[in-house]
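This report refers to the structure that appears directly beneath it.
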There are 4 protein chains.
Amino acid sequence: MVIISLDLQSESPIYIQLRNKIIEGIASKQLRPGDPLPSVRTFAQDLGVNMHTVNKAYQLLKQDGFIQIHRQKGVVINPDGMPSVDGNYLANVRENLRPVISESVCRGMNKEELMKLIQEVYEEIQKGGEHDDLH
Amino acid sequence: MVIISLDLQSESPIYIQLRNKIIEGIASKQLRPGDPLPSVRTFAQDLGVNMHTVNKAYQLLKQDGFIQIHRQKGVVINPDGMPSVDGNYLANVRENLRPVISESVCRGMNKEELMKLIQEVYEEIQKGGEHDDLH
Amino acid sequence: MVIISLDLQSESPIYIQLRNKIIEGIASKQLRPGDPLPSVRTFAQDLGVNMHTVNKAYQLLKQDGFIQIHRQKGVVINPDGMPSVDGNYLANVRENLRPVISESVCRGMNKEELMKLIQEVYEEIQKGGEHDDLH
Amino acid sequence: MVIISLDLQSESPIYIQLRNKIIEGIASKQLRPGDPLPSVRTFAQDLGVNMHTVNKAYQLLKQDGFIQIHRQKGVVINPDGMPSVDGNYLANVRENLRPVISESVCRGMNKEELMKLIQEVYEEIQKGGEHDDLH
DNA sequence: GTGGTCTAGACCACT
DNA sequence: GTGGTCTAGACCACG
């Protein structure tokens with residue numbers, strides 16, 4: 001599995017960063033449905049954080065359907081596929097996007113520049129996974 | 001000035017919400033450079049929040065160059081124009097966008113759908129200001 | 001507020017017991033929408049358990065819409081009303097009821113006895129609140 | 001014997017699920033007093049779970065008088081009849097029912113709806129056995 | 001003072 | 001060995 005780097009000084013909680021990193025891993029196909037994730041304890045040790053912090057990230061991911069916490073196999077990327085884009089999620093994303101886009105507009109970005117930026121990030125995410133298909 | 005609605009149960013701090021709402025106001029041209037903003041005290045009372053909270057939002061906005069705070073004239077949208085898109089800001093946006101886009105990808109949105117969503121939000125923001133150009 | 005008794009020896013986790021007790025309090029109208037709940041710390045001290053245990057119960061209740069965790073007012077019974085009976089919840093209840101009812105059937109209870117038992121518990125819950133309308 | 005489906009991601013332990021499924025089988029008369037149950041080993045293999053897990057379920061069932069375990073004859077549904085409804089069991093059921101009923105009340109179910117739900121589940125259980133009286 | 005986050009360390013149930 | 005639960009104690013952001 002690819003190295004996950006956390007910013008322990010960041011304002012955003014570690015468990016949120018971890019959650020996001022794992023989601024990025026899935027988006028970039030470095031992690032695929034059915035793939036195992038480390039146990040809370042070993043992962044915590046590897047990352048240099050507390051067990052509970054990893055657990056909190058796992059609980060979030062489980063709640064949203066990204067992973068399964070299995071009684072036998074441990075933790076795996078949800079083999080039944082990812083959660084879908086429901087109305088609830090869409091509303092959420094819109095609400096998250098609003099301030100970001102607003103600020104960009106204020107700062108003078110036009111629609112084209114914004115679109116280009118989004119596209120760049122989009123491709124950056126996909127590119128993250130093309131180097132190692134094996135993990 | 002248009003009514004600002006805050007979600008007091010939201011996970012995001014009130015002062016951040018307030019900051020964002022004001023930025024949205026600027027983006028939608030409901031607030032224009034030179035426009036006055038309420039004093040910390042009256043604004044706090046109108047919103048039903050703590051004075052410190054409004055002050056914190058103002059400090060953030062001032063720091064980023066969105067507003068100016070004068071002892072006599074009070075608070076105004078920066079008449080010298082808005083801050084620009086510097087490398088620092090761009091890097092920040094990218095970092096904020098990554099998890100959102102990643103999750104959308106995981107949930108099965110393709111690039112076109114994502115672009116359409118962004119565009120919708122973009123236009124939604126601009127539309128917010130077309131009703132009352134005066135305030 | 002009425003005394004809440006927890007069984008620290010029980011097999012069911014304390015935070016689940018606490019969650020249930022609070023729900024029972026709402027069902028019996030000892031707790032009404034808008035009523036405040038103690039802070040995690042004071043409640044923990046009153047109950048003789050750890051802060052995190054109370055917090056976990058609160059998080060569960062918040063997640064299901066029974067309470068709101070308010071930035072200003074602290075924790076309150078959801079003033080906008082209780083969550084409704086959706087399909088998801090119904091399916092859940094059925095799944096929980098199945099083994100209980102099955103075992104009762106095995107042990108020789110007929111439908112009438114079962115109904116009577118349910119009714120008794122139902123009225124027991126409502127009766128819990130008739131003594132003190134004030135809290 | 002009818003297929004038993006276990007949810008390996010469920011929060012409730014597998015051996016409890018298994019215990020309950022067998023009790024449901026008895027309640028629906030798919031399993032009758034004297035009927036044999038698979039040996040621990042074969043059952044474990046069929047279900048794809050650990051031998052200890054099946055054993056634990058059997059021990060629980062034996063303890064409550066639902067099954068008998070003989071060294072030679074193997075495991076059978078108790079031919080001397082099922083355990084009865086004693087005060088201990090009743091108190092237990094009431095305690096289990098309380099939170100479920102409370103939550104239903106909170107969510108706005110009235111007594112009639114609740115009764116109807118119970119009745120439905122009750123009949124669902126009985127219906128489970130009408131297809132194959134033989135096994 | 002409030003909840004949110006994080007740590008360290010412990011016990012237990014489950015498989 | 002796994003996750004689940006609980007404790008004690010700490011720091012911080014928020015209001």
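Here is the naming used below: chain letters follow the sequence lines, and residue numbers restart at 1 for every chain. Computed over heavy atoms, backbone and side chain alike; hydrogens, waters and symmetry mates excluded. Just so you know, these numbers come straight off a predicted model, no measurement behind them.
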Q) Is A:Met51 touching bases, backbone alone, or none of the nucleic acid, heavy atoms closer than 4.0 Å? A) base

Q: Grab the OH-P distance between C:Tyr58 and E:dT2 for me, whole Å please.
A: 11 Å

Q | d(CD1, C:Ile69; P, F:dA13) in whole Å | A | 20 Å

**Q.** Nearest-angstrom distance from the residue atom OH of C:Tyr15 to C1' of F:dG3
**A.** 11 Å

Q: Determine which nucleotide pairs with E:dC12, using a 3.5 Å limit on both distances of a Watson-Crick or G-U wobble pair.
A: F:dG3

Q. Between C:Val75 and D:Pro13, who's closer to the 5' end of DNA chain E by nearest nucleotide?
A. C:Val75

Q) 5'-most contact on DNA chain E: A:Arg71 or C:His70, nearest heavy atom basis? A) C:His70

Q | Spacing of B:Asn50 atom CG relative to F:dA13 atom P, expressed in whole Å | A | 17 Å

Q.
I need the CG-P distance between A:Leu18 and E:dC6, as an integer number of Å.
A. 10 Å

Q: Find the distance B:Arg19:CZ to F:dC14:P and express it as a whole number of Å.
A: 13 Å

Q.
Measure CD/B:Gln17 against C1'/F:dG15 and give the value in whole Å, please.
A. 13 Å

Q. To the nearest Å, how far apart are C:His52 NE2 and E:dT5 C1'?
A. 8 Å

